[in-house]
Each structure stands twice: as C-alpha cells, then as structure tokens.
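Below is one structure, written out as structure tokens; the observations come after it.
Heavy-atom basis, side chains included; hydrogens, waters and symmetry copies ignored. Chain A is the first sequence line, chain B the second, and so forth, proteins listed ahead of strands; every chain is numbered from 1.
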Protein chains: 2
Amino acid sequence: MEYNQKQLQIISVAERLFAAKGFSATSIRDISQEADINVSMVSYYFGSKDKLIEALFEVRAREFGARLDELLRDLGLSPMQRVNLMVDGMINRIFEKQCFHNVVLREQLSPDRRTPIISELLTELKLKNLRAMESIIHEGQKLGIFRSEVDVPMLSTTLYGTVNQLLSTKSYYCTVYGIQDLSEEEQEAHMIAKLKSHFKKIFQEMIKPELNDSITS
Amino acid sequence: MEYNQKQLQIISVAERLFAAKGFSATSIRDISQEADINVSMVSYYFGSKDKLIEALFEVRAREFGARLDELLRDLGLSPMQRVNLMVDGMINRIFEKQCFHNVVLREQLSPDRRTPIISELLTELKLKNLRAMESIIHEGQKLGIFRSEVDVPMLSTTLYGTVNQLLSTKSYYCTVYGIQDLSEEEQEAHMIAKLKSHFKKIFQEMIKPELNDSITS
DNA sequence: TTAAGATAATCAAACGTTTGTTTGATTATC
DNA sequence: GATAATCAAACAAACGTTTGATTATCTTAA
C-alpha cells in the first residue's frame with residue numbers, strides 16, 4: 001500500500017499518541033487535533049481507527065525490514081566485530097524509533113485483541129532479525145572463534161528485553177544511577193552507552209569458547 | 001486500606017481483564033459482567049475506575065513486598081546459592097502472577113498518564129528488589145567469591161527485561177523452539193526451565209572472578 | 001428472643017459525555 | 001467539469017458515574 005504525505009503525517013501523529021497513551025486511550029479527535037485535520041479525515045484516508053494502526057505497522061515494518069537487510073551486507077569484518085556492530089545497530093535503532101517501539105510493546109501485550117496483520121508483521125520481523133543474528137554466530141562457530149553451544153534466541157530475547165525494560169523504566173534508571181538532573185539527551189546517551197558496554201560484555205562472556213570446549217569437540 | 005471479600009473479587013477480575021485488554025479498553029461493564037455484579041458496585045466500593053486500579057496496585061504491591069522480605073531471610077547459604085535462589089524465586093513469582101505483571105508492564109509504558117500512587121508503589125518495589133540483590137552480591141564480593149566490578153542494576157534490568165520479553169512474545173517463543181503443539185502448561189514449563197538455566201549461566205559468567213581480578217586488586 | 005431501627009449491599013434506570021463513524025455540502029485541484 | 005480533499009454537523013453506541021428505590025444484614029433495647 002502506498003501512502004501520500006498527508007497520510008504519513010497522520011500516521012506519525014497517531015504513532016506518537018499511541019506510544020504515549022495507548023491505542024484505546026487515544027481518540028480520533030486527539031489525533032485530528034494534533035495533526036490539525038478534520039475528524040473525518042482519518043476515516044476518509046484509512047477507513048477506520050483499526051486500519052490506521054495497521055497502516056502504521058505496515059509502514060514501519062517495511063522500514064525496519066529494509067534496514068535489517070542493510071545490516072546483513074556488512075561483510076569483510078570479523079564475527080566478533082559483526083556481533084558488536086549488530087548489537088550497537090539494534091540499540092541505536094530502538095532509541096531512534098522509540099515511539100513505534102513503544103507501540104509494538106503495547107500491542108504485544110494483547111495478542112488476542114490484535115489484528116492478524118499486525119501479528120504476522122511482527123513475527124516476520126522478529127524471525128528475520130533472529131536469522132540475521134544466527135548467521136553471524138554460526139559464522140564465528142565455523143571459524144572456531146565462538147563456543148559451539150550458543151542459545152541465540154535466548155540471547156536475542158535478552159538483548160531486546162533489556163532495552164525494552166530500560167526504556168519503559170527510564171525514570172527508575174535515572175534514580176538508580178543518580179542522573180535525574182541531567183538533560184533528557186544526556187540521560188539517553190547514558191543509557192545507550194551503558195547498554196552497549198553491558199551487552200558487549202554479556203555477548204563476549206556467553207559466546208567466547210569455554211575452557212572445556214576444545215576437549216568435548 | 002482494607003478490602004473485603006467482594007472487593008478483592010472485583011480487583012481480581014479487573015486484574016485479569018486489564019492484563020488481557022488494557023485499562024482503557026476494559027469497561028466497567030466488562031468487569032461487572034465477569035464478576036457477576038451490578039455496574040454501580042465498582043463506584044460504590046472504589047469510587048471510580050481509576051481508584052480501582054490503584055487499589056489493585058496497592059494490594060498486589062503489599063503481597064510482593066512481603067514475599068521479598070521472606071526471600072531476604074534465606075541465610076546460611078553460599079552467595080552463589082543465594083543468587084540462584086533469588087533468580088529462581090523471581091522467575092517463579094512472575095509466572096505465578098502473570099496477570100498483575102502484565103498490568104504493571106502496561107502501566108509502565110504510560111508514565112505520564114499514571115497516578116502518582118502507582119508510580120511510587122512501583123518504584124519502591126523495584127528499589128527494594130534491587131537492594132536485596134545488591135546485598136547478596138556484596139556479600140559474595142566481601143568473601144572474594146565474586147568479581148569486584150558487578151553492575152547490579154543492569155543485571156537486574158536484564159533479568160526482568162528478559163522475562164518480560166519472553167512472556168509478552170510467548171507464541172513467537174513457541175514457534176522458535178518448535179513447541180506450539182505442547183499444552184499451555186508444558187509450554188510454560190519449557191519457558192521457565194529455559195529462563196532459569198539461561199540466567200544461571202549469565203549470572204555465573206558475569207559475577208565470577210575475572211582472570212585479572214586478583215592482579216588489579 | 002424478638003421487634004425496630006440503622007447501616008450496608010444491590011439493583012434497574014437514567015445521566016451527561018465521549019466514542020468511532022457517516023453524511024452532505026463546500027472548496028481545491030486536476 | 002470531474003475527481004479529490006475538507007469541513008461542520010449529526011449519528012448511534014458505549015462510556016463512567018449517579019440516582020433513588022429495594023433488599024439484606026447487623027445492632028440494640030425491651
């Protein structure tokens with residue numbers, strides 16, 4: 001489906017409001033007011049409120065998919081470099097598109113209420129992401145740089161889960177690390193840096209060869 | 001605040017519906033129908049829908065707090081045993097109270113819309129949890145069993161985030177591990193076992209002394 | 001123990017808003 | 001002159017909440 005400029009603007013406003021208040025708590029009148037359009041325009045362009053959020057997922061899923069393909073073309077680097085690049089890229093991606101990410105988290109919490117279209121888009125995207133990560137790990141395993149037993153789905157879940165958790169408990173994070181008085185940009189930078197170093201360490205510890213790895217193989 | 005049997009039943013029904021559909025998408029008529037009461041009873045007992053969810057958080061926060069205190073009394077064990085016990089206990093706790101946990105996740109996503117009462121209860125609970133974890137780690141560090149540099153808040157965030165992520169993407173998890181045809185109980189058992197072994201490994205790798213730890217100290 | 005009186009619980013019905021959506025006329029663009 | 005975009009207004013349905021009457025439960029004094 002192709003969307004014109006006006007439709008994309010409506011989608012963008014809806015995304016921001018859905019992220020902040022949730023789908024049900026956001027009225028079409030909220031959206032039309034923020035987007036400076038008439039209430040009837042949402043139905044006119046998308047058909048219904050449900051179709052609007054479907055369009056949102058359609059557009060953003062396509063963008064993320066394209067970005068994933070890009071990442072997969074970063075060859076000529078060592079497996080460990082590629083792992084670090086993938087971790088950094090994923091953290092950057094989520095922080096850049098926090099609103100959409102927030103909407104995804106909300107929708108994931110109601111698997112039943114969700115339209116099949118959204119479910120399929122999300123599952124597809126997550127699987128694509130997992131395959132990319134697996135291919136990098138397997139490469140390192142073939143070269144004998146990584147240990148033979150790596151639970152990639154769980155590592156990926158840990159990565160995403162941690163970033164999500166941090167994002168949805170921002171103020172708690174700032175309290176714990178005593179950075180409440182920093183600007184919002186500085187707080188985010190703190191979180192991003194912390195996440196990147198944290199996961200560089202975790203991935204290193206979880207995929208580097210174990211002492212007995214050469215013996216058992 | 002004390003609540004009678006009827007109130008606790010309403011809270012329990014509301015909890016289940018809030019978890020499944022979200023606060024805004026759940027109407028008082030939904031709740032009263034499921035709880036087999038008159039619509040006016042919610043206002044009669046709690047005052048309003050907002051006060052109802054506050055009561056829910058009040059009750060559950062108290063329960064969780066009490067359970068945390070219990071956990072802290074498990075002395076006479078080695079620090080590593082206590083870490084494992086804490087990880088297992090936390091995973092069990094979340095899986096047991098999935099509904100409430102789901103509601104917490106939803107509320108965390110709208111920090112602005114939330115009433116201060118809920119925010120404070122959640123922050124308090126999270127801090128209490130963090131302090132418990134820190135005390136165990138510090139004990140291990142004093143004994144020289146754990147490395148000196150452990151980022152406890154990040155480890156805790158990773159633990160919670162991963163469990164959350166897994167719970168909110170259950171069907172994706174089952175697809176990845178090919179256990180869609182198992183019963184729901186078996187699927188949950190699979191997830192719990194996987195989580196526990198995963199985090200035993202992560203914690204081990206992240207807190208055991210590094211090779212150069214004795215040199216730098 | 002019982003009758004009377006007070007308090008608590010329950011109910012159907014109605015309240016005024018807000019909801020998503022549609023209509024039909026008007027304006028802009030091609 | 002046709003198609004697309006925009007608008008104020010209206011629509012029925014659903015919302016949280018209140019009302020006022022009715023029933024159940026408890027309290028208290030004879």
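Ring geometry for His190(B) versus Tyr177(B): interplanar angle of 30 to 60°, hence tilted.
Take Arg16(A) and apply the side chain to side chain donor-acceptor pair (under 3.5 Å) test, not counting sequence neighbours, and it matches Glu34(A). Every residue meeting the side chain to side chain contact (heavy atoms under 4.5 Å, CB included) condition with Thr157(A), not counting sequence neighbours, appears here in chain and number order: Thr162(B), Gln165(B), Leu166(B). Applying the ring-ring contact (aromatic ring centres under 6.0 Å, His included) rule to Phe199(A) yields no partners; only residues at least two apart in sequence or on another chain are considered. Considering only residues two or more places apart in sequence or on other chains, Ser110(A) meets the side chain to side chain donor-acceptor pair (under 3.5 Å) condition with Arg106(B). Partners of His138(A) according to the ring-ring contact (aromatic ring centres under 6.0 Å, His included) rule, which considers only residues two or more places apart in sequence or in another chain, do not exist here. Every residue meeting the ring-ring contact (aromatic ring centres under 6.0 Å, His included) condition with Phe64(A), not counting sequence neighbours, appears here in chain and number order: Phe100(A).
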Taking N or O atoms only and anything under 3.5 Å, show me the protein contacts with nucleotides 26-30 of chain C, one pair per line.
none

Pull out every protein N or O sitting under 3.5 Å from an N or O of nucleotides 6-8 of chain C, one pair per line with the distance.
none

Dump every N/O contact between nucleotides 11-16 of chain C and the protein below 3.5 Å, one line per pair.
unit_1: dC11(C); atom_1: OP2; unit_2: Asn38(B); atom_2: N; d: 3.3
unit_1: dC11(C); atom_1: N4; unit_2: Ser40(B); atom_2: OG; d: 3.1
unit_1: dA12(C); atom_1: OP2; unit_2: Asn38(B); atom_2: ND2; d: 3.3
unit_1: dA12(C); atom_1: N7; unit_2: Asn38(B); atom_2: ND2; d: 3.3

Using a 3.5 Å limit on both pairing distances, list the dot-bracket string of DNA chain D from the 5' end; Watson-Crick and G-U wobble pairs count, crossing pairs take [ ], interstrand pairs take |.
.||||||||||||||||||||||||.||||

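For the pair Lys49(A) and dT19(C), the criterion of a side-chain N or O lying under 4.0 Å from OP1 or OP2 is not met.
If you take CD1 of Ile28(A) and C1' of dT21(C), they are 7 Å apart, rounded to a whole angstrom. If you measure from atom CG of Asn4(B) to atom C1' of dA9(C), you get 10 Å, rounded to the nearest angstrom.
Listed by residue number, there are no residues of residues 10-23 of chain B with a heavy-atom contact under 4.0 Å to DNA chain D.
Counting only residues at least two apart or on different chains, the salt bridge (Lys or Arg N to Asp or Glu O under 4.0 Å) pairs with a member in residues 116-139 of chain A are Asp69(A)-Lys128(A), Arg82(A)-Glu139(A), Arg131(A)-Glu134(A).
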